[in-house]
Amino acid sequence: MSNHKQIISVFTALKLKKLILKKASEVQGRSVNYKINYEMELNTGQYEAVMHHEGPALVIAGAGTGKTRTLVYRVARMIEDGIAPQSILLLTFTRKSASEMLRRASLLLDGRCEDVSGGTFHSFAVQVLRQYAKLIGYDNNFSILDQSDSEDAINLLRTEFIEKGAKRRFPTKTTLQRIYSMSVNTKTDIAAIIEDEYSYFLDDSDRIIGLLGFYEEYKKKHNLMDYDDLLLNLLRLMKEHTSVLNTLHKMYHFIMVDEYQDTNKLQHEIVLLLSGSRSNIMAVGDDAQSIYSFRGASYQNIMFFPESFSNCKIYKIEENFRSSNQILDLSNQLIKEAIFKYDKNLFSSKPTGELPYIVATRSEREQSEFLVQQILELRENGVPLNNMAVLFRSAFHSFDLEIELEKANIPFEKFGGMKFIETAHIKDMVSFMRILSNPADAVSWQRVLLLLSGIGPKKAAQVISMISDGTIKLSKADSLSEKGIPENIREMIKMISEMYFSEMSISDKCTVISEYYRHLLKQKHDDWKKRWEDIETFITISERYNNLQNFLNDMALDPPSKSLSDMEAENNDNEILTLSTIHSAKGLEWQAVFIIWALEGRFPSSKAVHSIDSIEEERRLFYVACTRAKEYLYISYPINIFDRESGFVLSEPSRFISKIPDTIVERFVVADGGSDISLN
DNA sequence: AGCAGTGATGTTTTT
DNA sequence: CATCACTGCT
């Protein structure tokens, strides 16, 4: 968003504020002539939340109770009341869900709804920081490190901290990054995190703390922010610069936060500051669906939300419009055993449906075969493929199924797991582009320099330090020959310099870079042809942008999740089956849902069984999975699976389903029926 | 000194 | 299957 536009929106917001107050006072007495008949279209719980006017509110909305609908109608209602769209801030978990809500609100009312400010906490933070980063010692063109960039940066420093000849292994870059991120997001000392969660690294504690301290300096020096910094620095900006906070208060008068159960301490603090003395804040969420504690989220945020304000209204929405009573019985049963929760019991007025199935198969292959068969059968019975989903705990759980689906010619789209943007070749391309935006971006330099043969960490570090101290500058003239730089590096810097000063469009720059990159790709990967297709997709995506920073923001915060083949499939909107991790399935619903690998050791994951808290989280995850289903729910697990990781044979069904009474589920065992598999 | 190739080792979930 | 740590090669 340009500066200019934001200033205008501040003025419109200010101008309309008087209007709001007048209207609101009118509302108290008699109802305004709304275009939408809210009372008719919503149930009581939803209606009350939609009509909530000013002051803090918490909406506890169980799964499938029309939480999104409530938010959509509230946006429409506020705009009907004359509130300036720009002064409403809608913070959501993904950017997709923000734009989807605003789209629905627009359909409901009119185009003004599209002007509501919205996005994720992270994208909101970037918007603000791009304007004010200077105030806290960053350049406005800072680069955003995603998780793997952050790991790479940590890895650079890691080697220096490894003790020679140590008996135990020093934590990997992934672990280190996780410790750091957890420490930031929960506002806890690194030492405490290690003690609680990584006690086997206790001996390395000092080294880890030292390393992560260097990591922080490194980021500052090279004008880099990781995901956690975005929140942290936004908070700093608001705390240390009242002028910024005041500006934000002038801009945003009403704040709504979706999926509040998945916010962490930093985000909660941001919300508190942002809502200011007006406290026009509405938090919406469901404590039973809190599934992001590994990222520092805490259901306590929602549990204790009312305590953060003096007069917080609480609305509860419990009527479920999604699932059959049979599915709800199972879900309620599951969550009944949870330890901490707001009391709630979902009920549905939907007609009676089938009992959920729990199906045991003898092998993984058989589980896949059973699914294929059942999917085809449902389809025969009129359930389209895009109304079915297969959900699983971890992305790799679907590998075997994917093979079977391909054999059976069932088109599918997978969410979660490895993303387009995370593949090495796309990361390489993004790194080149990031350098064009922030030439001090050492992480990107490191990445692209290592692509060259004969260049390792030492040489790369040397070149990078020459870049940061100005010995090497991006310039139109080739001034590197006298500095003893190897030919291939000179060539690369020359190419980058040309692009840096060029007036070409973003996609043209991408094309030039990709042509340079092609020979490196061929050298490195045998399957370069397949990867090259992805790069062509990347160029196509870049055509949509005319601002480099926006392009890079989106690549870091809202990357395209699908690879080329999936994108093509989407265009001819044929029936496509959804495969998804449960985390990525949040907020979605299907007529038929399959949950696979409901096996002790897989789900709950063997990594989660060590603590009550993480088992509780697995339970909520299972709950989320079940409540995605409208009519049909199939839970399956193979037995007698050898688990390479633990060296054990996994043979117990998931603890979450083993205690479910037989009156509310139907249990099956798969057996051979001639050449076919049949249920009995 | 620093790079690249090789065999052992662990593998959740995402903005 | 990718990452790590070691070792031999330049």
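Chain letters run A, B, ... following the sequence lines, proteins first and then strands; every chain starts at 1.
At the heavy-atom level, A556(A) lies nowhere under 4.0 Å from the strands shown. Across all strands, S605(A) comes closer than 4.0 Å to no nucleic acid atom at all (heavy-atom distances).
For the pair D613(A) CG and dT13(B) P, the computed distance is 20 Å after rounding to whole Å. If you measure from atom CZ of F415(A) to atom C1' of dT15(B), you get 17 Å, rounded to the nearest angstrom. Distance CZ (R619(A)) to P (dT12(B)): 23 Å, rounded to an integer number of Å. As a whole-Å value, the separation of I489(A) CD1 from dG2(B) P is 13 Å. Rounded to a whole Å, the CG atom of L450(A) is 9 Å from the P atom of dA4(B). Nucleotide dT14(B) holds its P atom 15 Å from the CE atom of M182(A), rounded to whole Å. Rounded to a whole Å, the CD atom of E160(A) is 12 Å from the P atom of dG2(B). Counting to the nearest Å, the C1' atom of dT15(B) and the OH atom of Y292(A) are 9 Å from each other.
Under 4.0 angstrom from either OP1 or OP2 of dA5(C) there lies at least one side-chain N or O belonging to R158(A). Phosphate contact (OP1/OP2 of dT14(B), side-chain N/O of T581(A), threshold under 4.0 Å): present. Using a 4.0 Å cut-off, some side-chain N or O of S584(A) falls inside it from OP1 or OP2 of dT14(B).
When distances run from any side-chain atom of K458(A) to the nucleotides dT12(B), dG2(B), dC4(C), the shortest one goes to dG2(B). For S453(A), the listed nucleotide lying nearest its side chain is dA4(B); candidates were dG2(B), dA4(B), dT15(B). Closest to the S394(A) side chain, of the nucleotides dC4(C), dT13(B), dT15(B), is dT13(B). Listed nucleotides: dC3(B), dT14(B), dT11(B). Nearest to the side chain of R295(A): dT14(B). Closest contact between the side chain of Q147(A) and the listed nucleotides dT13(B), dT3(C), dT15(B) involves dT15(B).
Nearest-nucleotide positions on DNA chain B for I291(A) and G454(A) put G454(A) closer to the 5' end. Summary of the strand contacts: P457(A) and E617(A) both lie near DNA chain B, and taking for each the nucleotide with the nearest heavy atom, the more 5' one is attributed to P457(A).
Aromatic ring pairs are classed by plane angle as parallel below 30°, tilted from 30° to 60° and perpendicular above 60°; the pair F201(A) and Y198(A) is parallel. Under the 30°/60° scheme for interplanar angles, the aromatic rings of H397(A) and W597(A) are found to be tilted.
Using a 5.5 Å limit on the distance between ring centres and a 30° limit on the angle between planes, the aromatic ring of F294(A) counts as stacked on the six-membered base ring of dT13(B).
When all heavy atoms of L579(A) and E402(A) are compared, the pair lying nearest together is CD1-CG, 3.7 Å.
Counting only N and O atoms by type, the side chains of N438(A) and S143(A) include a donor and acceptor under 3.5 Å apart.
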Derivation of the side chain to side chain donor-acceptor pair (under 3.5 Å) call for S580(A) and K414(A): CA-CA 6 Å; S580(A) 175; K414(A) 183 171 171 178; over 6 Å; no

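A donor-acceptor pair is defined here as one N or O able to donate and one able to accept, closer than 3.5 Å; no such pair exists between the side chain of R393(A) and the backbone of I582(A).
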